[in-house]
Amino acid sequence: MKNHLLNVVVLVGIVTAATLALLKNIPLAPVQASAEGAVTDWLFGLHINVIAFLFALIMVFMLYSVFVFRREPGSLETGEYFHGNTPLEIVWTIAPLITVLYFGYLGAVTLKDITSPGQNELVVNVTGSQWAWKFEYPDSGLTSNTLVLPVGRTVKLEMTSLDVIHSFWVPEFRVKQDLLPGVTKTLRVTPTLPGEYKLRCAEICGRDHAYMVAPVQVLSASAYEAWVNSQVSEAQAAESAPPAERGKTLAQVQGCLACHSADGSPGNGPTWAGLYGEEITLADGTTVTADDAYLKTAIVDPGAQIAEGFPNIMPPTYGDVLSEEQIADIIAYIKSLNE
């Protein structure tokens, strides 16, 4: 019996080592690009070690029993009967309990580490809506559809949703946070690797959930400052631009073009190409002219006059988000698409 136990122990060690070698040579995750990701990957590594050991423990005992203790051909002997093993049952109850409690402790400590405030944090307001992302930089007054971050600086993401539950997830950063309507959630990330990444929504949020993505750029400190300065200059120049140009920029930033096309192609909402002045059939069968009054109502109270054939999915919050001048600029842009 001692020889069998020794054989099993040796085999468990060999299979565990082989499984770990295999798993660690498989790219299970994309490149790590944040300080929080280092801690998260370390914790995942511990889980993989335990998984490899448990896999080896189960498979070795099972296969060893099948091949070593199988009945010999022609043998009619009955195996020895035994009922329970109290020491073994105590061990396989206490050991998993201690392991789970230890991992729970590590998880709590890790969560505390990656959510603790950093020094000189950059605050970025993140807004998710069906099906677009918007990023606002309070320090500089900028708004963008691209999340641009400086390397080596902790970023405090203040996030909310305009409609349904969305989820902020950049796989290279490892961390993830749900966005809830009417609630501001916080996520911290410290980029460590300059490059271009992609933000994905990790919560099924409707028909175009799969396309709710946004580019993420991590720049050096000097490149980030240059980007901010160039964006501020462009924003100042845009203030003197014609209303239709300002409206086009607003439509891009606010995510309007995620549902409304500007070239006549179909979308989740009516196309804006040639819309102004057209007769619109509503869901209740009545018709209305797409004039200034209708377009303003469609922006601030989208559920009041729903176009036939389209779902009522537009957030009703743009009346609070946009000023009267901004609404007029968007309408001017829609008018310009008739030309």
Side-chain angles (χ1 to χ4, degrees), residues 125-136 143-147 157 159-171 173 176-185 187 197-216 247-276 278-288 290 294-322 327 330-331 333-334 337:
N125 296 329
V126 180
T127 303
S129 60
Q130 294 174 313
W131 288 271
W133 297 96
K134 182 177 70 172
F135 312 104
E136 298 173 283
T143 302
S144 174
N145 293 121
T146 299
L147 179 59
L157 301 168
M159 303 186 289
T160 190
S161 168
L162 294 181
D163 35 52
V164 299
I165 299 177
H166 299 286
S167 189
F168 179 101
W169 182 45
V170 179
F173 293 166
K176 184 173 67 172
Q177 176 62 56
D178 284 357
L179 284 67
L180 307 179
V183 178
T184 299
K185 307 293 288 186
L187 181 68
Y197 308 103
K198 185 176 290 185
L199 165 62
R200 295 171 170 84
C201 178
E203 185 78 28
I204 295 178
C205 57
R207 181 166 57 184
D208 282 356
H209 159 72
Y211 306 104
M212 188 173 170
V213 296
V216 179
K248 180 180 180 180
T249 301
L250 274 171
Q252 294 170 339
V253 170
Q254 296 295 334
C256 305
L257 300 182
C259 291
H260 303 281
S261 71
D263 58 4
S265 57
N268 294 305
T271 181
W272 285 354
L275 175 64
Y276 190 80
E278 290 293 310
E279 288 293 317
I280 305 298
T281 301
L282 302 180
D284 60 6
T286 61
T287 59
V288 63
Y294 167 79
L295 293 176
K296 181 177 181 180
T297 299
I299 294 171
V300 301
D301 187 13
Q305 296 176 307
I306 304 170
E308 184 180 48
F310 295 96
N312 181 20
I313 59 175
M314 182 168 167
T317 53
Y318 285 109
D320 299 323
V321 173
L322 300 173
I327 293 174
I330 292 177
I331 294 175
Y333 172 55
I334 297 174
L337 295 176

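For the pair Lys176/Ser167, a side-chain contact is recorded, criterion being any heavy-atom separation below 4.5 Å from C-beta on. In this structure, Arg207 and Asn268 have side chains that are in contact, with non-hydrogen atoms separated by less than 4.5 Å. Here the side chains of Gln130 and His166 are in contact, with some heavy-atom distance below 4.5 Å. Residues Leu179 and Thr160 have side chains not in contact (no heavy-atom distance under 4.5 Å, counting atoms from C-beta outward). Annotation: side chain of Leu187 is not in contact with side chain of Val126 (no heavy-atom distance under 4.5 Å).
Here Glu203 contributes atom CD and Leu180 contributes atom CG; the two are 9.0 Å apart, rounded to the nearest 0.5 Å. Within the model, atoms CG of Leu337 and OG1 of Thr271 stand 8.0 Å from one another, a figure rounded to the nearest 0.5 Å. Residue Leu162 holds its CG atom at 10.0 Å from CE of Met314, rounded to the nearest 0.5 Å. The line from CD1 of Ile280 to CG of Leu275 is 5.0 Å long, rounded to the nearest 0.5 Å. In this structure, CE in Met159 is found 10.0 Å from CZ in Phe135, a value given to the nearest 0.5 Å. Atom OG1 in Thr127 sits 9.5 Å away from atom CH2 in Trp133 (nearest 0.5 Å).
Counting non-hydrogen atoms of neighbouring residues, nucleotides and ligands closer than 6.0 angstrom, the OH atom of Tyr211 reaches no more than 12 such neighbours. Remark: Ile204 CD1 is loosely packed, at most 12 non-hydrogen atoms of other residues, nucleotides or ligands lying under 6.0 Å away.
Residues Met212 and Cys205 approach most closely at SD-SG, 3.8 Å, considering heavy atoms. Here the closest non-hydrogen pair linking Ala273 and Ala262 is CB-O, 3.7 Å. For Ser265 against Ser261, the heavy-atom pair with the smallest separation is O-OG, 2.5 Å.
With hydrogens and angles ignored, the 3.5 Å screen pairs a side-chain donor or acceptor of Asn145 with a backbone N or O of Gln252.
In terms of the ring pair (Phe, Tyr, Trp, His ring centres under 6.0 Å) criterion, residue partners of Trp272 (sequence neighbours excluded) are, by chain and number, His260. Contacts of Asp301 classified as side chain to side chain donor-acceptor pair (under 3.5 Å), with partners at least two apart in sequence or in another chain: none.
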Checklist entry - When you look at Trp131 and Cys201, which way does the side chain to side chain contact (heavy atoms under 4.5 Å, CB included) test go after all the steps? => result CA-CA 9 Å; Trp131 288 271; Cys201 178; over 6 Å; no
Next on the checklist: Could you walk me through whether Tyr333 and Leu250 satisfy the side chain to side chain contact (heavy atoms under 4.5 Å, CB included) test, starting with their C-alpha distance in whole Å, then the side-chain angles of each, then the deciding distance to 0.1 Å, before giving a yes or no?
Outcome noted: CA-CA 9 Å; Tyr333 172 55; Leu250 274 171; over 6 Å; no
Next on the checklist: Assess the residue pair Asp178 and Lys185 against the criterion (side chain to side chain contact (heavy atoms under 4.5 Å, CB included)); give the C-alpha distance rounded to whole Å, side-chain angles, the decisive distance to 0.1 Å, and a yes or no.
Outcome noted: CA-CA 8 Å; Asp178 284 357; Lys185 307 293 288 186; over 6 Å; no
